[in-house]
Student: 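Here's a structure for you.
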There are 2 protein chains.
Amino acid sequence: MRTTIRDVAREAGVSIATVSRVMRGSASVTEPTRERVLAVAQELEFVPSQLGRQLAERRHAANGIVFPDLSGPYYAEVVLGYEAVAAELGRSVLILSTHGRQDADAKVLEMAERCDGLVILGRTVGDTTVERLAKRGVGLVLVARPAIATADSVNVENRDSAVALAEHLVARGARDFVFVGDPDGSSEFAERLEGVEEGFRRAGSRRRSLALAARPTEEAGAAVADSVGGVDDLPDAFVCANDELALGLMARLGERGIDVPGDVLVTGWDDVMAARYAGLTTVRQPMRELGGTAARLLDELINGSRSEPRHEVLGTELVVRGSTLGKEHA
Amino acid sequence: MRTTIRDVAREAGVSIATVSRVMRGSASVTEPTRERVLAVAQELEFVPSQLGRQLAERRHAANGIVFPDLSGPYYAEVVLGYEAVAAELGRSVLILSTHGRQDADAKVLEMAERCDGLVILGRTVGDTTVERLAKRGVGLVLVARPAIATADSVNVENRDSAVALAEHLVARGARDFVFVGDPDGSSEFAERLEGVEEGFRRAGSRRRSLALAARPTEEAGAAVADSVGGVDDLPDAFVCANDELALGLMARLGERGIDVPGDVLVTGWDDVMAARYAGLTTVRQPMRELGGTAARLLDELINGSRSEPRHEVLGTELVVRGSTLGKEHA
DNA sequence: GGTGCGTGTGTAAGCGGTTTCAGAAACCGG
DNA sequence: CCGGTTTCTGAAACCGCTTACACACGCACC
């Protein structure tokens with residue numbers, strides 16, 4: 001930072017207060033003075049320091065977003081939706097990926113010092129950290145994480161679509177399934193599992209078993225495929241907690257000569273781009289909208305235009321593709 | 001921000017200077033004093049204001065990254081790679097997507113006021129803006145954009161892989177091709193086109209025509225497929241400027257009953273996740289690494305550990321899949 | 001021709017830290 | 001026991017901006 005407000009003031013023969021007023025148009029200044037100041041500012045290439053401004057105003061005009069990992073397409077989409085809206089609202093966006101770091105909580109706390117508010121995706125930080133942030137007065141929006149009383153939240157509807165998915169599978173002849181994904185790792189996953197179980201139950205079926213995948217990745221999905229003994233060892237369907245698991249699983253099954261959907265049905269969750277090309281039946285989530293909604297809620301929170309916390313739930317949609325349809329449709 | 005350094009100082013019976021020294025461990029303080037201050041800080045839940053700190057230190061400890069649009073998987077990957085490294089280096093990351101906004105330049109200039117340096121991807125802002133930033137002394141790293149003398153840059157090798165791609169196509173029997181993508185919209189695309197042309201030329205072939213796609217999206221790719229008259233109207237190969245064009249094109253060709261690779265070969269660029277599942281031949285770019293390298297260069301720039309600008313070029317790799325291979329391999 | 005008010009501008013006190021400088025205290029060898 | 005260091009600590013000056021407050025001025029009004 002070179003030229004400051006004082007340089008401009010001196011050069012224009014006015015006080016710094018006047019320069020400030022001109023620069024932000026906050027109070028009336030006579031036209032000639034205004035013009036002179038603007039001319040000098042222009043000439044000196046004066047750009048007001050955001051730092052000085054922020055300190056004086058005690059606000060950052062920025063908000064953050066915390067996500068576990070951008071590796072998958074899911075979070076990238078949410079972040080994009082968030083950025084788009086936040087930028088529109090004139091706020092800078094800080095991002096922080098925790099990718100399983102130990103010091104995630106500290107990092108988030110630190111980031112909170114640079115923002116007026118932040119959005120937290122999933123189980124990136126502990127509850128105590130969230131509580132502390134809330135107490136500190138930072139605007140808080142929780143996404144894909146169980147709602148709490150002191151913060152806003154945005155979630156997607158998981159149960160209903162899970163039931164719908166189960167009904168579809170039953171209609172396609174499935175009587176049992178294996179859930180691929182760790183329900184303890186994510187409240188979302190847990191809801192999905194419950195919903196699918198309920199759907200099967202309603203149809204009078206029994207659940208066969210539960211496959212725990214450590215992380216929701218393609219590799220983990222492939223590993224599950226490897227663990228299958230053979231065609232006789234298959235359930236009627238693999239219900240995967242997200243698309244990446246399903247894609248990894250399906251690809252490896254194919255390599256092993258196991259036919260989808262002939263030998264086993266496979267479903268995912270999220271409807272990422274690759275799911276379309278792989279012909280994967282899945283549940284579409286409005287990822288962009290998830291981020292956008294979070295941005296809007298956060299803005300309301302920060303501007304104090306609302307005191308009661310709000311909890312939004314966005315709808316989802318079953319998308320049926322080849323991985324659960326007979327070949328004639330694939 | 002509630003409790004300040006002065007509150008702690010008062011409570012601990014020391015001066016603010018001492019508190020500052022304790023908090024940042026910058027100078028020696030006797031053990032008893034140190035402990036007392038820390039105890040009080042803990043009790044009062046004192047968290048030093050980043051704003052105050054930044055203003056005093058005249059640095060932001062943050063850097064930004066500007067990209068056109070996060071819609072595609074490409075930029076998301078680059079941003080992720082960037083974030084991972086930047087976070088490791090202890091810097092906050094600001095993101096800004098220009099998605100064709102008119103005020104992009106202004107937004108970038110504004111963002112520069114919040115960062116010690118920034119990374120600019122592609123043709124997001126005009127050259128004059130870049131010049132101005134450089135003159136202002138912000139650290140600057142250009143990615144996927146022609147290098148300039150006053151800033152660092154990171155690019156991928158386009159020509160060689162383009163030639164390799166062309167050779168592969170020729171080996172598969174192609175004698176002409178249509179390039180899908182706007183070479184005027186991106187220097188990268190232009191390089192790719194030139195490389196492919198050269199490869200075909202070396203093999204003694206003539207280029208057939210140039211399809212201009214407005215934006216590098218799946219929709220635009222599909223539109224190109226729609227514009228094809230019929231099987232007789234096809235080139236030997238569609239060389240697409242990126243994977244999304246190729247995927248959109250290939251999908252729509254399939255819908256129209258045109259066989260890939262039987263009737264026409266199709267290639268993309270980037271190797272995004274969906275390309276694997278669609279069996280698309282493409283050129284793999286080290287997207288994560290692109291972002292990571294940019295982060296490291298920027299860090300060096302900011303820490304002043306280097307004065308000469310550096311220009312990195314990362315390698316790429318041809319990935320051959322079903323879209324250019326006979327069915328027997330697909 | 002005073003009183004009263006509205007307007008434009010300057011002064012100065014913050015915002016919450018860091019850091020220079022100098023003085024006080026503790027330590028050293030002679 | 002003393003002068004010279006070394007080590008701690010505090011006062012105060014910033015960093016660059018916003019804004020409350022005061023003041024001067026010009027004008028309409030009675």
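Basis for what follows: all heavy atoms, side chains included, without hydrogens, waters or symmetry-related copies. So that the names make sense, note that chain A is the first sequence line, chain B the second, and so on, each numbered from 1.
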Student: Could you give the CZ-to-C1' distance, from B:R53 to C:dT19, as a whole number of Å?
Tutor: 13 Å
Student: Should B:R24 be listed as having a side-chain N or O under 4.0 Å from OP1 or OP2 of C:dT18?
Tutor: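 The answer is yes; a side-chain N or O of B:R24 sits under 4.0 Å from OP1 or OP2.
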Student: Can you tell me the distance, in whole Å, between the CZ atom of A:R114 and the P atom of C:dG16?
Tutor: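 Between P of C:dG16 and CZ of A:R114: 17 Å.
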Student: What integer distance in Å separates A:M23:CE from D:dT19:P?
Tutor: 15 Å
Student: Hey, are B:E31 and B:R34 close enough for a salt bridge, meaning a charged N less than 4.0 Å from a carboxylate O?
Tutor: yes
Student: Measure from CD on A:Q54 to P on C:dG17 and round the result to the nearest Å.
Tutor: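 Value for this atom pair: 15 Å.
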Student: For nucleotides 6-15 of chain D, read 5' to 3', which letter fits each nucleotide if B means a protein heavy atom sits under 4.0 Å from the base, S means only the sugar-phosphate is that close, and - means neither?
Tutor: --SBBB---B
Student: Please say whether more than 12 non-hydrogen atoms of neighbouring residues, nucleotides or ligands are located less than 6.0 Å from CZ in A:R91.
Tutor: yes
Student: Once side chain to side chain contact (heavy atoms under 4.5 Å, CB included) is applied, do any residues pair with A:Q42, and if so which ones, sequence neighbours excluded?
Tutor: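 Testing A:Q42 for side chain to side chain contact (heavy atoms under 4.5 Å, CB included), a comparison that skips the adjacent residues, returns none.
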Student: Roughly how far, to the nearest 0.5 Å, is the CZ atom of B:R288 from the CD atom of B:E83?
Tutor: 10.0 Å
Student: So, the side chain of B:D116 versus the backbone of B:H60: is there a donor-acceptor pair under 3.5 Å, distance only?
Tutor: yes
Student: Rounded to the nearest angstrom, tell me the gap between atom CD1 in A:I5 and atom P in C:dG10.
Tutor: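 That distance rounds to 12 Å.
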Student: Round to a whole Å and report the spacing from CZ of A:R59 to P of D:dG16.
Tutor: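 So the CZ-P distance, A:R59 to D:dG16, works out to 21 Å.
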Student: Are more than 12 heavy atoms from other residues, nucleotides or ligands located less than 6.0 Å from atom CZ of B:R123?
Tutor: yes
Student: Which atoms form the tightest heavy-atom contact between B:V108 and B:L118, and what is the distance?
Tutor: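 For B:V108 and B:L118, the tightest heavy-atom pair comes out as O-CD2, 4.4 Å.
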Student: Closest heavy-atom contact between B:I5 and B:I16?
Tutor: CD1-O, 3.6 Å
Student: Are any of the side-chain nitrogens in A:D127 or A:R145 under 4.0 Å away from the carboxylate oxygens of its partner?
Tutor: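 Yes, charged N to carboxylate O under 4.0 Å.
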Student: Report for the helix from C:dG1-D:dC30 to C:dG30-D:dC1: angle between first-end and last-end helix axes, five pairs each, rounded to 10 degrees.
Tutor: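 Computed from the C1' atoms at both ends, the axes differ by 40°.
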Student: Measure from CG on A:L51 to P on D:dT18 and round the result to the nearest Å.
Tutor: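 My rounded result for the distance is 12 Å.
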